[in-house]
Visitor: 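Please find one structure pasted underneath; my questions will follow.
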Amino acid sequence: MNGSSPETDGETGSSDSAGSDGSAGSPGSAGEQVGTIGRKAGRGLRWSLLGNLGTKATTFVMGLVLARLLVPEDFGLYAIALAATTFVMHVNDVGIIAATVQWRGRVEEMAPTATVMAVAFSTGMYGIFWVVAPYFAELAGSAEATPVVRLLTAIILIDGVTAVRAGSLMRGFGHDRLTKANIAGSLVNAGVAVTLAANGAGAYSFAVGQVAANTVTGALVLAWAGLPFRLGFDREVAARLLRFGAPLALGLGIEAVLMNADYVIVGAVLGPVALGFYLLAFNVSSWVPSVIGTALRYVTVPSFSRLAEQRPESLSLGVQRSVPLLVAFVLPVAVVTATLAPAIVAFLYGEKWAPAAGVLALLAVLMVVRMLTSLAFDILTSAGATRATVWMNLGWAVALVPALWAGTHWYGIRGAAIGHALAGVLVALPMAALALSRAGVRLAPVLPALVRPLLGAVVAAAVTMTLAGLLGGLSGGHPGGTTAGSALVQLCVAGGGGLLAYLLIAVPAARLKQLGARAVPARAR
């Protein structure tokens with residue numbers, strides 16, 4: 001791994017159009033720049049998708065096993081610790097990873113200072129959360145979660161040590177090594193967590209498994225980054241890093257609040273059992289943002305950063321090509337998740353988790369919002385408009401927290417999901433569009449390309465619900481809920497029918513013919 005040549009792995013110093021500092025090289029037309037960066041990003045995205053699919057598949061299987069070994073209360077305690085960890089992971093390195101990716105110049109010049117800053121801030125943040133862990137757990141409604149919070153948040157210490165090296169790999173599109181490191185960590189996580197759960201470790205199963213996973217992944221990143229581990233401090237470099245990273249860290253911290261405030265509020269109002277049901281639904285709704293969104297984040301920041309270095313029209317063109325593709329992909333998944341939520345929960349987790357189905361149907365809306373706002377966040381970061389990310393997420397948070405509080409009090413865990421969805425659609429998306437517009441990104445050309453996917457989603461929802469209703473009528477219903485067998489039939493028939501309807505409407509006929517023409521020779525060979 002360490003000996004891979006730059007010419008083949010796309011790292012800093014490649015002999016193609018990228019400069020030695022990872023920049024886009026000599027300027028060309030906007031289309032040429034988008035194409036060059038797009039090819040590198042495509043390779044990186046393939047590796048990122050492979051890695052995310054591998055890690056999420058492992059996590060998914062682990063979740064199925066743990067759902068049968070543990071009780072909802074264990075999931076609720078873990079959710080509280082996860083909320084704290086997600087927050088500190090977003091802010092602990094003061095945006096050093098993104099700053100490394102976006103750095104204008106040689107990474108070797110800033111790495112010693114950046115490493116010192118990342119380690120120092122991570123250590124300080126962990127010390128703070130060690131002290132406040134009892135108060136945080138009490139606020140979330142479960143004081144017994146305190147030791148789990150303290151254990152799980154320890155992963156930020158590992159992140160502080162590896163931040164610059166991970167950023168360097170992403171900057172040079174070295175996603176193959178990141179992928180292998182993440183997959184190795186996920187396998188360790190599954191093995192440790194399941195073993196502990198089978199031996200009665202409860203919520204600690206999640207925490208110990210995650211710490212072990214991060215340790216393995218971090219060690220591999222350090223070994224494979226190809227960047228010497230040196231410490232130093234340059235005030236000018238530190239000032240540049242803080243000007244970029246501090247607003248970004250604040251924006252990411254607010255983003256963490258957005259994605260975890262519901263855990264705290266649901267736990268405080270309804271208790272750990274209800275929180276366990278909510279966590280399961282939220283985790284299922286997060287599959288696409290976690291798998292696809294995380295993979296995209298690995299490549300969007302370096303890709304858009306390289307485009308933003310040249311001319312504004314290159315960045316706008318890249319965005320205009322990316323948004324319709326993202327929407328076209330995520331909409332059918334959201335439709336199937338929303339319309340077949342009871343079948344998904346019953347088939348995967350069993351009838352004891354049925355209360356999570358109503359929440360999952362509502363959180364499917366949030367799935368789409370998260371994908372689009374995450375892309376907007378990455379675009380703004382790449383353009384250096386990190387202050388805009390703060391205002392975008394702050395406006396969302398101001399609307400979200402009272403919506404979650406009111407929804408949870410009025411309608412329980414479904415109310416929390418309604419509050420999340422409404423705040424996302426009515427506040428987050430408009431603010432993201434406004435922030436991009438102010439950053440000079442032209443979004444008007446995107447709108448015509450969204451018509452077919454949106455129409456396809458409406459038709460797909462109607463087809464899926466109709467087929468699911470017919471199947472339910474034929475089976476005569478089930479007094480105890482949806483069985484695993486009937487759920488599988490609904491997922492295959494109704495879900496498949498909805499996806500086919502979406503494909504026929506969302507994809508132009510000429511494109512379908514083109515795909516068909518390519519498929520026939522492939523089968524013949």
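The analysis underlying the following values was restricted to heavy atoms, covering all of them including side chains, and did not include hydrogens, waters or symmetry mates.
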Visitor: Would a distance-only check, ignoring hydrogens and angles, find a side-chain to backbone donor-acceptor pair under 3.5 Å from Tyr204 to Leu151?
Guide: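 Looks like no, no N/O pair under 3.5 Å.
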
Visitor: Compare every heavy atom of Met62 with every heavy atom of Ala190, then report the nearest pair and how far apart it is.
Guide: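 For Ala190 versus Met62, the nearest heavy atoms are CA-SD, 3.6 Å.
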
Visitor: Do Arg370 and Ser285 get their side chains close enough for a donor-acceptor pair, meaning under 3.5 Å?
Guide: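 No - no donor-acceptor pair under 3.5 Å links their side chains.
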
Visitor: So how far is it from Thr162 OG1 to Ile97 CD1, rounded to the nearest 0.5 Å?
Guide: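 So the gap between those two atoms works out to 6.5 Å.
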
Visitor: According to side-chain hydrogen bond (donor to acceptor under 3.5 Å, both in side chains), does anything in residues 338-348 pair up with another residue at least two apart or in another chain? List the pairs.
Guide: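 Not a single pair qualifies under side-chain hydrogen bond (donor to acceptor under 3.5 Å, both in side chains).
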
Visitor: Please check if the number of heavy atoms outside Arg414 that lie under 6.0 Å from its CZ is greater than 12.
Guide: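 Counting other residues, nucleotides and ligands, CZ of Arg414 stays at 12 neighbours or fewer.
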
Visitor: State the CZ-CG distance between Arg452 and Leu331, to the nearest 0.5 angstrom.
Guide: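 Taking CZ in Arg452 and CG in Leu331, the distance rounds to 14.0 Å.
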
Visitor: Taking atom CE of Met371 and atom CG of Leu326, what is their separation to the nearest 0.5 Å?
Guide: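 The distance works out to 4.5 Å.
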
Visitor: Taking atom CG of Leu275 and atom OG1 of Thr408, what is their separation to the nearest 0.5 Å?
Guide: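 If I round to the nearest 0.5 Å, the distance is 10.0 Å.
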
Visitor: Between Ser437 (side chain only) and Ala433 (backbone N and O only), is there a donor and an acceptor less than 3.5 Å apart?
Guide: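 Checked: no pair found.
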
Visitor: Let me see the working for Val284 and Val345 under side-chain contact (heavy atoms from CB on, under 4.5 Å), right down to the final yes or no.
Guide: CA-CA 9 Å; Val284 175; Val345 172; 5.8 Å; no

Visitor: Can you measure from CG (Asp262) to CD1 (Ile413) and round to the nearest 0.5 angstrom?
Guide: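 Result: 11.5 Å between the selected atoms.
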
Visitor: For the pair Trp405 and His409, name the ring-plane relationship: parallel under 30°, tilted 30 to 60°, perpendicular over 60°.
Guide: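 Judged by the thresholds at 30° and 60°, the geometry between Trp405 and His409 is tilted.
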
Visitor: Determine, stepwise, if the pair Asn214 / Asp159 fulfils side-chain contact (heavy atoms from CB on, under 4.5 Å).
Guide: CA-CA 8 Å; Asn214 280 54; Asp159 184 67; 5.8 Å; no

Visitor: Do the two ring centres, one from Phe282 and one from Tyr263, sit under 6.0 Å apart?
Guide: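 Yes, they do, as the ring centres are separated by less than 6.0 Å.
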
Visitor: How far apart are the C-alpha atoms of Asn182 and Ser186, what are their side-chain angles, what is the distance that settles it, and do they pass the side-chain contact (heavy atoms from CB on, under 4.5 Å) test?
Guide: CA-CA 6 Å; Asn182 287 329; Ser186 69; over 6 Å; no

Visitor: Taking atom CD of Glu138 as the centre, report whether more than 12 heavy atoms of other residues, nucleotides or ligands fall under 6.0 Å from it.
Guide: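 Counting neighbours around CD of Glu138, 12 or fewer heavy atoms of other residues, nucleotides or ligands fall under 6.0 Å, so no.
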
Visitor: So, the side chain of Thr464 versus the backbone of Gly495: is there a donor-acceptor pair under 3.5 Å, distance only?
Guide: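 No; judged by distance alone, with no hydrogens or angles, the pair does not exist.
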
Visitor: Quick one: CG on Leu360 to CG on Leu366, what's the gap to the nearest 0.5 Å?
Guide: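 If we round to the nearest 0.5 Å, Leu360:CG and Leu366:CG are 11.0 Å apart.
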
Visitor: Please walk me through it: do Trp224 and Leu178 pass side-chain contact (heavy atoms from CB on, under 4.5 Å)?
Guide: CA-CA 9 Å; Trp224 293 344; Leu178 280 174; over 6 Å; no

Visitor: Anything under 30° is parallel, anything over 60° is perpendicular, the rest tilted; go ahead and classify Phe206 against Tyr78.
Guide: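 Parallel: the ring planes of Phe206 and Tyr78 meet at under 30°.
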
Visitor: Which atom names give the shortest non-hydrogen contact between Ile265 and Val401, and what distance separates them?
Guide: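 Closest pair (atom of Ile265, atom of Val401, distance): CD1-O, 3.9 Å.
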
